[in-house]
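Contents: one structure, followed by commentary.
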Amino acid sequence: MYEHFYNLSASPFSIQPDPEFLYLGRRHSIAYAMLEYGVANRAAFSVICGEIGCGKTTLIRHLLNNLDPAVTVGLVSNTHKDILNLLDWIMLSFGQPYDGLSPVALYDAFQKFLISEYKGGRRTLLIVDEAQNLSNSALESLRMLSNLNVDKDQLLQIILVGQPQLREILRQPDMRQLTQRVSSHFFISPLQATEVKPYIKHRLEVVGCKEPLFTPEAYQCLAEASEGIPRAINILCDTALVYGFSLNSPIITARMVEEMLQDKYAYGI
């Protein structure tokens, strides 16, 4: 809608997890380094937590784009408390047959798959997104799967990605055996106020923006209103650009942002 008016090649503030737009601020840079470290050092478990909209999934997509081709990856993202057949979903994520198999046969098939990958010189990585939705028994099942190894070599590496509740779940006494296998654990906090401007500028530069689109005061308003949550920043910036377009304004001012915020809050959005 406003892309042509502002000479942008695409929408810069989509809330879809697009690694092309990833801004590696301080906390995201550390989180990514921790993920790389876990994969490189064959960690049994790595855990990344953060608030809703902080960019966890985008970070994982970036990791997937930069993994060694010799790493076989499975991604499970449709987690929920009542999931009873977690291994079915794991097999599906790796493109392996699972339908009609008994629990014992399923486990045997998964173990043979891991061994086959190992013999072929490949490593196997399972990523579980929204892991806070899993029950304690499902997490325990993952721990048991992580015990599969050949001599000293780990056959399966697992990355758990989740909201802050995951951190609390892993602190429970009955999760001690799992947490003892976690090699890297990191919490992604919101962007600092000083990072909001470079975050916005980065996303605009990705779509070809060469001129400033926001005044310094507008950046400050956006930083305060978003509380540093990347998804909130995207939504607010996207709406602010619609306001600017409708007013035929080449730049977004703090007054426009404040008007937009007042309208949002008036409707409880």
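One is the number of the first residue; the rest follow in order along the sequence.
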Just by distance, no angles: are the side chains of Asp263 and Tyr243 close enough, under 3.5 Å, to form a donor-acceptor pair? yes
Heavy-atom closest pair (Ser137 atom, Ser135 atom, distance to 0.1 Å) is OG-OG, 2.9 Å
Any non-hydrogen side-chain atom of Tyr32 less than 4.5 Å from a side-chain atom of Asn66? yes
Quick one: pull up CG in Leu145 and CG in Leu86 and give me the separation to the nearest 0.5 Å. 7.5 Å
If we ignore hydrogens and angles and just use 3.5 Å, is the side chain of Arg27 paired with the main-chain N or O of Phe187 as donor and acceptor? yes
Exam field: side chain Glu20 to backbone Val206, donor-acceptor pair closer than 3.5 Å: no
Distance-only polar pair, side chains of Asn234 and Tyr199, donor-acceptor under 3.5 Å: yes
Would you say Gln154's side chain and Ser146's backbone share a donor-acceptor pair under 3.5 angstrom? yes
Interatomic distance, CE@Met1 vs CG@Leu241, rounded to 0.5 Å, equals 11.0 Å
Side chain to side chain contact (heavy atoms under 4.5 Å, CB included) partner of Leu101, chosen from Leu87, Asp108, Leu106, Asp88: Leu106
Arg176, CZ: over 12 other non-hydrogen atoms inside 6.0 angstrom: no
With distance as the sole criterion, is a donor-acceptor pair present between the side chains of Glu117 and Thr72 under 3.5 Å? yes
Name the one of Leu160, Leu170, Thr179 that satisfies side chain to side chain contact (heavy atoms under 4.5 Å, CB included) with Phe45? Leu160
Taking all atoms of both residues into account, what is the closest heavy-atom pair of Ser9 and Gly208, and its distance? OG-N, 4.4 Å
Within the distance-only criterion (no hydrogens, no angle test), does the side chain of Glu130 pair as donor or acceptor with the backbone N or O of Thr79 below 3.5 angstrom? no
Taking every heavy atom of Pro19 against every heavy atom of Asn65, the minimum-distance pair comes out as CG-ND2, 3.3 Å
Would you say that Ser141 contacts Met144 through its side chain, given a criterion of any heavy-atom pair below 4.5 Å between the two side chains? no
Could you check whether any side-chain N or O of Thr239 sits under 3.5 Å from a backbone N or O of Ile235, counting only pairs where one atom can act as donor and the other as acceptor? yes
Under 3.5 Å, is there a donor-acceptor pair between the side chain of His185 and the main chain of Cys49? no
Are Ile188 and Tyr23 connected into the same hydrophobic cluster when the rule is that any two of I, L, V, M, F, W, Y join if their side-chain heavy atoms are below 4.5 Å apart? no
Does a sphere of radius 6.0 Å around CD in Gln165 hold more than 12 heavy atoms from other residues, nucleotides or ligands, not counting ones at 6.0 Å or beyond? yes
Rounded to the nearest 0.5 Å, what's the gap from CG on Leu75 to CG on Leu126? Could you check? 8.5 Å
Please answer: with hydrophobic residues joined when any side-chain heavy atoms are less than 4.5 Å apart, are Ile15 and Phe13 in the same cluster? no
Taking only Lys NZ, Arg NE, NH1 and NH2, and the carboxylate oxygens of Asp or Glu, determine whether Arg255 and Glu258 approach each other closer than 4.0 Å. no
How far does CH2 of Trp89 sit from OH of Tyr98, to the nearest 0.5 angstrom? 7.0 Å
Quick check on Tyr37: does its OH atom have over 12 non-hydrogen neighbours (other residues, nucleotides or ligands) under 6.0 Å away? no
Apply the test side-chain contact (heavy atoms from CB on, under 4.5 Å) to residues Leu236 and Val257: give CA-CA distance (whole Å), side-chain angles for both, the deciding distance (0.1 Å), then the verdict. CA-CA 8 Å; Leu236 294 177; Val257 174; over 6 Å; no
Would Leu166 and Met175 show up in the same hydrophobic cluster when neighbours are defined by side-chain heavy atoms closer than 4.5 Å? yes
Nearest non-hydrogen partners of Gly38 and Ser46, listed with the distance: CA-OG, 3.7 Å
Side chain Ser93, main chain Ile90, donor-acceptor under 3.5 Å: yes
Evaluate the criterion side-chain contact (heavy atoms from CB on, under 4.5 Å) for residue pair Asp68 and Val39; output intermediate values, then yes/no. CA-CA 10 Å; Asp68 189 306; Val39 173; over 6 Å; no
Looking at Arg61, I want to see if its CZ is surrounded by more than 12 non-hydrogen atoms of other residues, nucleotides or ligands under 6.0 Å. no
Say you draw a straight line from CG of Leu59 to CG of Leu64; how long is it, rounded to the nearest 0.5 Å? 10.0 Å
Please round to the nearest 0.5 Å and tell me the distance separating atom CZ of Phe214 and atom CG of Leu204. 6.0 Å
Hey, quick one: are Phe110 and Leu134 part of the same hydrophobic cluster, counting side-chain heavy atoms closer than 4.5 Å, chains of contacts allowed? yes
4.5 Å side-chain heavy-atom contact, Thr57 and Val161: no
Looking at Ala240 and Ile252, what are the two nearest heavy atoms and their distance? O-CD1, 3.5 Å
Verify, without hydrogens or angle tests, whether Asn149 (side chain) and Asn147 (backbone) share a donor-acceptor contact under 3.5 angstrom. yes
Does Leu191 form a side-chain contact (heavy atoms from CB on, under 4.5 Å) with His28? I'd like the steps, not just the answer. CA-CA 9 Å; Leu191 297 175; His28 287 77; 4.2 Å; yes
Given 3.5 Å as the limit, does a donor-acceptor pair link the side chain of Thr253 with the main chain of Met256, or not? yes
Would you say Leu92 ends up clustered with Leu156 if hydrophobic residues are merged whenever their side chains have heavy atoms under 4.5 Å apart, either directly or through other cluster members? yes
Hey, are the side chains of Ser246 and Phe5 touching, using non-hydrogen atoms and a 4.5 Å cut-off? no
Is it true that a side-chain atom of Lys56 and a backbone atom of Glu51 form a donor plus acceptor pair closer than 3.5 Å? yes
Dump the intermediate steps for side-chain contact (heavy atoms from CB on, under 4.5 Å) on Ser183 and Arg42, then the final yes or no. CA-CA 9 Å; Ser183 297; Arg42 300 178 180 270; over 6 Å; no
